[in-house]
Every structure is written in C-alpha cells, then in structure tokens.
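Below is one structure, written out as structure tokens; comments come after it.
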Amino acid sequence: MIERITELVGRVPDFPAFAGVDELLARMKEITEAHPDRATVRRIGRSRLGEPLWSLTVHGGPRQVLVVGAVHPNEAIGGLTALHLARTLVDEDSLREDLDRTWHIIPCIDPDGTRLNEPSFDGPLTMDSYGRSFYRPAVDEQVEWTFPFAYKEAFFDRVLPETVALMRIIDETKPLLLCSLHNGEYGGVFYYLSRGSDTLNARLAELPGLLTEAEAEVPAQTIPIRKLVGVQFGAIFATTADLTG
C-alpha cells in the first residue's frame with residue numbers, strides 16, 4: 001500500500017486557487033452526477049446563518065470513514081483535499097475495492113466562516129493576502145470545540161448547529177476513522193492521532209518529503225497548496241491502510 005500511496009500523492013495536481021463554498025458544492029455535485037452509482041450527496045444540517053451543510057458519500061464496504069474540511073474556516077486546504085479524495089475514490093475502482101470502506105466526506109463544515117475568508121482565495125496566494133482576509137471564530141464558536149460535555153464541575157451544552165450536524169453523522173456512521181482536516185499555513189506539517197503505530201508514524205513522517213521538489217518550485221512567501229493537499233491526502237490513506245492491516 002505504501003507504494004500506491006506514494007504514487008497517488010505524486011499525482012496530486014497543482015491548484016491555482018482555493019475553492020470557496022459555492023465552488024465546493026458545485027464540484028461535489030459534479031462528482032455525484034458523473035458517478036451516480038458510486039457517490040451521493042446529502043444535506044446533513046444547517047449553519048448558524050442558514051447555509052445548508054452537505055456530505056458526499058462514496059459507497060463501499062461496511063466500515064465507515066468520515067473526513068471533515070473547513071473545521072477552522074481560515075484553513076482552506078481541507079476543502080481541496082476533500083474534493084480530490086472524493087474524485088480519486090470514484091475514479092480508482094481497485095483502490096476503492098481494496099480499502100473496502102464507505103467514505104463520508106464533508107468539504108466544508110463551517111460555510112459561514114469560510115465565506116469571510118474567501119477574499120483571499122483567488123490570490124495572490126501569499127501570506128500577506130491570507131492575513132488581510134483572515135477570519136477564525138472565537139473558541140466557543142468553533143465546531144470542534146463545542147461538543148457537549150460534563151466533567152466534575154465543568155459543564156457545556158451551548159452546541160452549535162454545525163456541531164450538532166457533525167454529531168449526528170458520527171452517531172449514524174460510527175466511523176472507524178475520523179479525519180479532521182487542518183493545515184498549519186506555512187509552518188510545516190504535524191499530525192494528531194488518537195493512537196499510532198511505528199509503521200504509521202514512519203509513513204506520516206515520510207509524506208512531506210514526497211513533495212519537496214514541488215515545494216521548491218513555489219516562490220517564497222507563497223502558500224504551497226499542492227504540498228499541503230498532498231500531505232493531507234496521503235495521511236488519510238496511510239491511516240486508513242494502517243487500520244486495515
């Protein structure tokens with residue numbers, strides 16, 4: 001599988017720009033319309049400002065994988081990764097069959113926040129442009145930080161509607177793997193794992209090196225989109241393969 005992951009990562013295309021909310025939805029629909037026997041899209045909830053929330057399902061085996069993009073809306077790499085993942089799964093029959101998973105892919109769980117970052121999406125793809133359009137919600141308004149909990153004297157139940165939608169799909173699918181797609185802008189690559197293995201840790205450490213040549217071609221202070229997508233994309237398959245085997 002590592003040879004296949006290396007090949008797939010090497011085939012990640014260049015991306016001229018980030019994809020906004022409307023473009024993500026349009027590309028999702030293109031994928032499902034082109035492959036109605038393999039993929040479907042459904043509404044899973046509504047945002048605080050009334051935007052519909054969508055999930056694309058690539059049908060396969062009985063065990064489930066859930067991939068979520070735009071958890072932090074300023075981190076636009078996840079939407080591109082999510083779409084490239086979906087497109088790869090519907091196009092690569094042998095890969096989909098070998099992994100034997102059903103994939104639930106949410107390219108944008110926070111459309112309200114993502115729209116506020118969209119002025120920088122078309123470029124120039126520089127850190128200056130990114131910073132001038134930067135928006136990230138306060139911690140108590142972020143999807144991942146507003147799950148309900150009660151522990152000793154601490155209690156929280158002011159759950160966001162986006163978080164409720166994510167909770168529902170987690171409860172429904174009971175995923176073997178949940179991938180929350182973040183990116184570290186220009187500061188390198190890191191991973192958070194609920195559990196790891198020596199084999200998986202080694203594979204994840206190797207991923208950035210597969211794209212160093214592409215990164216070298218990116219001008220200084222320009223966001224290396226292809227490398228960031230490639231690392232996220234490869235990490236999903238590396239982790240899935242580790243759980244498989």
Side-chain angles (χ1 to χ4, degrees), residues 1-13 24 27-45 53-71 77-109 143-144 165-183 191-204 206-207 210 229-245:
M1 176 60 76
I2 188 61
E3 292 80 9
R4 182 179 284 184
I5 293 172
T6 301
E7 177 195 356
L8 290 169
V9 169
R11 286 161 42 195
V12 171
L24 290 171
R27 292 191 191 179
M28 284 175 63
K29 291 183 175 179
E30 287 175 2
I31 292 170
T32 57
E33 289 171 359
H35 304 277
D37 57 326
R38 304 172 190 175
T40 55
V41 65
R42 61 174 174 139
R43 183 169 164 174
I44 59 170
L53 305 173
W54 302 95
S55 175
L56 185 154
T57 299
V58 180
H59 301 282
R63 293 201 281 184
Q64 317 287 308
V65 175
L66 176 59
V67 178
V68 187
V71 183
I77 296 294
L80 296 175
T81 301
L83 289 174
H84 184 63
L85 172 66
R87 194 170 291 112
T88 299
L89 289 168
V90 297
D91 288 342
E92 300 276 348
D93 292 343
S94 62
L95 176 67
R96 189 176 65 255
E97 292 165 4
D98 288 347
L99 291 171
D100 195 29
R101 302 281 187 264
T102 290
W103 300 75
H104 306 275
I105 302 169
I106 305 172
C108 186
I109 194 65
V143 176
E144 283 186 327
L166 187 55
M167 290 167 58
R168 278 199 300 257
I169 198 168
I170 290 172
D171 288 341
E172 174 193 330
T173 62
K174 297 178 173 57
L176 174 71
L177 174 65
L178 167 60
C179 292
S180 178
L181 300 178
H182 293 264
N183 62 267
Y191 312 94
Y192 286 117
L193 303 170
S194 57
R195 73 164 182 82
S197 68
D198 291 342
T199 299
L200 177 59
N201 294 344
R203 287 177 178 171
L204 293 176
E206 291 170 1
L207 283 174
L210 301 178
V229 171
V231 171
Q232 284 188 346
F233 178 72
I236 293 169
F237 284 121
T239 309
T240 304
D242 187 73
L243 292 171
T244 302

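Computed over heavy atoms, backbone and side chain alike; hydrogens, waters and symmetry mates excluded. Just so we're clear, the structure is a prediction, and the values are computed from it rather than from any experiment.
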Open item on the list: Is there a side-chain contact between Pro62 and Asp100 in this structure, where contact means two heavy atoms from C-beta onward sitting under 4.5 Å apart?
Closed with: yes
- [ ] Would you confirm whether Thr102, through its side chain, and Gly61, through its main-chain N or O, come within 3.5 Å as a donor-acceptor pair?
- [x] yes
Open item on the list: Once side-chain hydrogen bond (donor to acceptor under 3.5 Å, both in side chains) is applied, do any residues pair with Arg27, and if so which ones, sequence neighbours excluded?
Closed with: Glu23
Open item on the list: Let me confirm one number: the OG1-CG distance from Thr32 to Leu56, rounded to the nearest 0.5 Å.
Closed with: 6.0 Å
TODO: For Glu7, check salt bridge (charged side-chain N to carboxylate O under 4.0 Å, His left out) against everything at least two apart and list the hits.
DONE: Arg11
Task: Listed partners of Ser55 passing side-chain hydrogen bond (donor to acceptor under 3.5 Å, both in side chains), at least two apart - done: none
TODO: Could you tell me the separation between the OG1 atom of Thr40 and the CD atom of Glu33, rounded to the nearest 0.5 Å?
DONE: 12.5 Å
Name every donor-acceptor pair, under 3.5 Å, that has one atom in a side chain of residues 80-87 and the other anywhere in the protein, sequence neighbours excluded.
{"residue": "Thr81", "atom": "OG1", "partner": "Ile77", "partner atom": "O", "Å": "3.2"}
{"residue": "Thr81", "atom": "OG1", "partner": "Gln232", "partner atom": "OE1", "Å": "2.6"}

Open item on the list: Do Arg63 and Leu243 have side chains that approach each other closer than 4.5 Å (heavy atoms only, starting at C-beta)?
Closed with: no
Open item on the list: Just to verify, what does Val90 make a side-chain contact (heavy atoms from CB on, under 4.5 Å) with, not counting sequence neighbours?
Closed with: Ile31, His35, Arg38, Ala39, Val58
- [ ] Step through the shown structure and confirm whether more than 12 heavy atoms of other residues, nucleotides or ligands are within 6.0 Å of CG on Asp37.
- [x] yes
TODO: Under the ring-ring contact (aromatic ring centres under 6.0 Å, His included) rule, collect the residues that match up with His104, sequence neighbours excluded.
DONE: none
- [ ] Would you please name every residue forming a side-chain hydrogen bond (donor to acceptor under 3.5 Å, both in side chains) with Thr199, sequence neighbours left out?
- [x] none
Open item on the list: For Glu172, give me all partners under side-chain hydrogen bond (donor to acceptor under 3.5 Å, both in side chains), at least two apart in sequence or on another chain.
Closed with: Arg42
Open item on the list: I need the minimum non-hydrogen distance between Ser94 and Arg4, along with the two atoms involved.
Closed with: O-NH1, 3.8 Å
- [ ] Can you measure from CD1 (Ile236) to CD1 (Ile5) and round to the nearest 0.5 angstrom?
- [x] 11.0 Å
Open item on the list: Tell me whether Asp242 is salt-bridged to Arg203, with the criterion being a basic N under 4.0 Å from an acidic carboxylate O.
Closed with: no
Task: Rounded distance [0.5 Å steps], OH in Tyr191 versus SG in Cys179 - done: 12.0 Å
Task: Those residues that, when tested against Arg96, pass salt bridge (charged side-chain N to carboxylate O under 4.0 Å, His left out) (two or more places apart) - done: Asp93
Task: Interatomic spacing from CZ in Phe237 to CG in Leu95 - rounded to 0.5 Å - done: 5.0 Å
Open item on the list: Using every non-hydrogen atom in the two residues, find where Ile169 and Thr173 come nearest and quote the distance to one decimal.
Closed with: O-OG1, 2.7 Å
TODO: Rounded to the nearest 0.5 Å, what's the gap from CD1 on Ile109 to CD1 on Ile44? Could you check?
DONE: 4.5 Å
Open item on the list: List the residues meeting side-chain contact (heavy atoms from CB on, under 4.5 Å) with Leu193, not counting sequence neighbours, and say none if there are none.
Closed with: Leu200, Asn201, Leu204
Open item on the list: To check you understand the geometry: which heavy-atom pair defines the closest contact between Ile106 and Trp54, and what is its length?
Closed with: CG2-O, 3.5 Å
Open item on the list: Taking salt bridge (charged side-chain N to carboxylate O under 4.0 Å, His left out) as the definition, give me every residue that meets it alongside Arg43, ordered by chain and number, with sequence neighbours left out.
Closed with: none
Task: All side-chain contact (heavy atoms from CB on, under 4.5 Å) counterparts of Ser180, not counting sequence neighbours - done: Val71, Glu144, His182
